> 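One structure, pasted below without further comment.
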Amino acid sequence: MKRIFFILAISLFFSFVLFAETITFRADRMTGSTKKSGDVTTLQGNAIIKTEDMELSADSIELSGKDFRNIKASGNISGKIISSQMDFTCQDMTYDRTAKVARLQNGVHLVDHQNNVEADADLVDYNQNTEVAVLQIGVSLIQKENHCTAAYALYRKNDQTLTLTGNPQVKQNENTFRAQEIILNLDTQEITLDGRVRGSVTTESNNPEPAEENNGQ
């Protein structure tokens, strides 16, 4: 058994080196197989992998495809995308190391440390090349005084814009905005409402100036 594990580990190591990227890994157990489409290696129990741009831990992590292009993780996932300064947690995940596209599912919590953005959704598709995230189902995003909710959201990290549809709502302190579509600039805090616009704005109360006394003049 130790010999088989050793052979798998050596095979995995050389495949990673040929891909010109150093990948380290750790787990309670490791299994592997060879297929026409590429080798498949599964790490189970406290699985951890680290690449040049990603750190990932989960109950189970599967590496597959040519040069282990594809990563599939499940169970108590916690990850970090170093170049994007983004952390995430979820229960299921797939990641294409070549296309740099990730799909996060089930209880997704995403944190953009660079822009102080925290988001929750049931499904998130994230393109690392374009720095665009598509959030779906039960979307909630918090940034500064903004608390945004919707069924669908498009977050452009580089442009710092958020487009909300599907019964969207934005709360800014005591102010509430609703429309068919809401676009929020997270940098300037400018908000654009389109279609069936409604909302409420709370103004500061001002004490009336006292009336001048009448001295009989």
Side-chain angles (χ1 to χ4, degrees), residues 51 53-58 70-202:
T51 71
D53 196 40
M54 178 179 285
E55 297 179 4
L56 183 67
S57 65
N70 303 308
I71 296 176
K72 182 179 180 181
S74 62
N76 301 309
I77 298 169
S78 178
K80 176 184 295 186
I81 303 175
I82 298 170
S83 62
S84 302
Q85 298 183 41
M86 296 182 72
D87 294 350
F88 60 87
T89 58
C90 61
Q91 291 300 314
D92 295 284
M93 170 192 176
T94 58
Y95 180 65
D96 186 323
R97 294 175 53 235
T98 302
K100 293 190 175 181
V101 174
R103 166 161 281 199
L104 314 176
Q105 292 179 275
N106 301 322
V108 182
H109 181 67
L110 192 67
V111 181
D112 179 358
H113 294 284
Q114 185 178 13
N115 298 302
N116 297 316
V117 172
E118 290 194 39
D120 294 283
D122 198 54
L123 174 62
V124 175
D125 288 309
Y126 177 65
N127 188 315
Q128 193 175 343
N129 290 320
T130 61
E131 297 283 21
V132 173
V134 177
L135 300 86
Q136 301 181 64
I137 309 173
V139 177
S140 175
L141 185 143
I142 297 175
Q143 186 255 4
K144 296 182 179 178
E145 286 77 30
N146 299 304
H147 186 184
C148 312
T149 57
Y152 180 93
L154 184 65
Y155 175 49
R156 295 181 174 90
K157 175 179 167 67
N158 291 337
D159 296 338
Q160 273 297 275
T161 60
L162 178 69
T163 302
L164 303 165
T165 56
N167 195 29
Q169 175 179 279
V170 175
K171 288 187 176 182
Q172 295 179 332
N173 294 321
E174 300 300 321
N175 304 326
T176 302
F177 305 95
R178 297 183 179 89
Q180 288 183 318
E181 180 183 82
I182 300 177
I183 301 176
L184 176 63
N185 188 310
L186 299 174
D187 181 30
T188 65
Q189 302 299 297
E190 179 180 346
I191 186 169
T192 303
L193 309 177
D194 186 20
R196 299 180 183 177
V197 177
R198 58 196 186 281
S200 61
V201 177
T202 302

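For clarity, every value in this text was computed on a predicted model and none was experimentally measured.
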> Using side chain to side chain contact (heavy atoms under 4.5 Å, CB included), reason through Q180 and N167 one step at a time and then give a plain yes or no.
CA-CA 6 Å; Q180 288 183 318; N167 195 29; over 6 Å; no
> How far does CG of L123 sit from CG of L104, to the nearest 0.5 angstrom?
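One finds 8.5 Å between CG of L123 and CG of L104.
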> Check whether E118 reaches the backbone of I142 with its side chain - one donor and one acceptor, N or O, closer than 3.5 Å.
no
> Could you tell me whether a side-chain N or O of R198 sits under 3.5 Å from a main-chain N or O of R196, the two making a donor and an acceptor?
yes
> Would you say that E181 contacts T192 through its side chain, given a criterion of any heavy-atom pair below 4.5 Å between the two side chains?
no
> Any side-chain donor paired with an acceptor under 3.5 Å for Y152 and T163?
no
> Quick one: pull up CZ in F88 and CG in L110 and give me the separation to the nearest 0.5 Å.
8.5 Å
> Is a side-chain N or O of T51 found less than 3.5 angstrom from the main chain of D53, in a donor-acceptor match?
yes
> Between the side chain of N129 and the main-chain N/O of A99, is any donor-acceptor distance below 3.5 Å?
yes
> With a 4.5 Å cut-off on side-chain heavy atoms, are D120 and V139 touching?
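No, every pair of side-chain atoms sits at 4.5 Å or beyond.
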> Looking only at non-hydrogen atoms, find the nearest pair between L162 and A153 and report the distance.
CD1-CB, 4.0 Å
> Going from CG on L184 to CD on E190, what distance comes out if it is rounded to the nearest 0.5 angstrom?
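One gets 9.5 Å once the value is rounded to the nearest 0.5 Å.
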> Do R103 and Y95 have side chains that get closer than 4.5 Å, going by heavy atoms?
no
> What residues, two or more places apart in sequence or in another chain, satisfy side-chain contact (heavy atoms from CB on, under 4.5 Å) together with Q169?
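Only T149, K171, T176, R178 meet the side-chain contact (heavy atoms from CB on, under 4.5 Å) criterion with Q169.
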> Could you tell me whether the side chain of T89 reaches within less than 4.5 Å of the side chain of I77, counting heavy atoms only?
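A side-chain contact is absent here, since even the closest heavy-atom pair is not under 4.5 Å.
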> Ignoring hydrogens and geometry, is there a side-chain-to-backbone donor-acceptor pair from D187 to Q160 under 3.5 Å?
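Between the backbone of Q160 and the side chain of D187 there is no qualifying donor-acceptor contact (under 3.5 Å).
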> Considering all heavy atoms of both residues, which atom of L135 and which atom of A119 are nearest to each other, and what is their separation?
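Between these two residues, the closest heavy atoms are CD2-CB, 3.6 Å.
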> Determine the minimum heavy-atom distance between A133 and V124, stating which atoms define it.
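Where A133 meets V124 most closely, the heavy atoms are CB-CG1, 4.4 Å.
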> Go through the steps to decide whether D87 and H113 satisfy the test side chain to side chain contact (heavy atoms under 4.5 Å, CB included), and finish with yes or no.
CA-CA 8 Å; D87 294 350; H113 294 284; 2.8 Å; yes
> Any side-chain heavy atom of V111 within less than 4.5 Å of one from V117?
no
> Is the backbone N or O of L186 less than 3.5 Å from a side-chain atom of Q189, with the two atoms forming a donor-acceptor pair by type?
yes
> Looking at N173, I191, V170, which hits side-chain contact (heavy atoms from CB on, under 4.5 Å) with N146?
V170
> For the residue pair S140 and H147, establish whether any side-chain heavy-atom pair is separated by less than 4.5 Å.
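Touching, per the 4.5 Å side-chain cut-off.
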> Is there a side chain to side chain donor-acceptor pair (under 3.5 Å) between Q128 and S83 once you walk through the steps?
CA-CA 9 Å; Q128 193 175 343; S83 62; 3.3 Å; yes
> Evaluate side chain to side chain contact (heavy atoms under 4.5 Å, CB included) for D92 paired with S74, printing each intermediate quantity in order.
CA-CA 4 Å; D92 295 284; S74 62; 3.7 Å; yes
> Start with the C-alpha distance between K157 and Q114, add both sets of side-chain angles, then the distance that settles side chain to side chain donor-acceptor pair (under 3.5 Å), and finish with yes or no.
CA-CA 9 Å; K157 175 179 167 67; Q114 185 178 13; 3.0 Å; yes
> Show, in sequence, the C-alpha distance, side-chain angles and deciding distance for M86 and Y126, and conclude whether the side chain to side chain contact (heavy atoms under 4.5 Å, CB included) test is met.
CA-CA 11 Å; M86 296 182 72; Y126 177 65; 3.4 Å; yes
> Okay, side chain of D159, backbone of T161: is any donor-acceptor separation there less than 3.5 Å?
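No; zero donor-acceptor contacts below 3.5 Å.
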> Could you please spell out the steps behind the side chain to side chain donor-acceptor pair (under 3.5 Å) verdict for Y155 and Q143?
CA-CA 12 Å; Y155 175 49; Q143 186 255 4; over 6 Å; no
> From S57 OG over to N76 CG, what is the distance, rounded to the nearest 0.5 angstrom?
8.5 Å
> How long is the span from the NZ atom in K100 to the OG1 atom in T130, to the nearest 0.5 Å?
12.0 Å
> How many angstroms lie between atom CG of D122 and atom CG of N106, to the nearest 0.5 angstrom?
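Spacing of CG (D122) from CG (N106) equals 5.5 Å.
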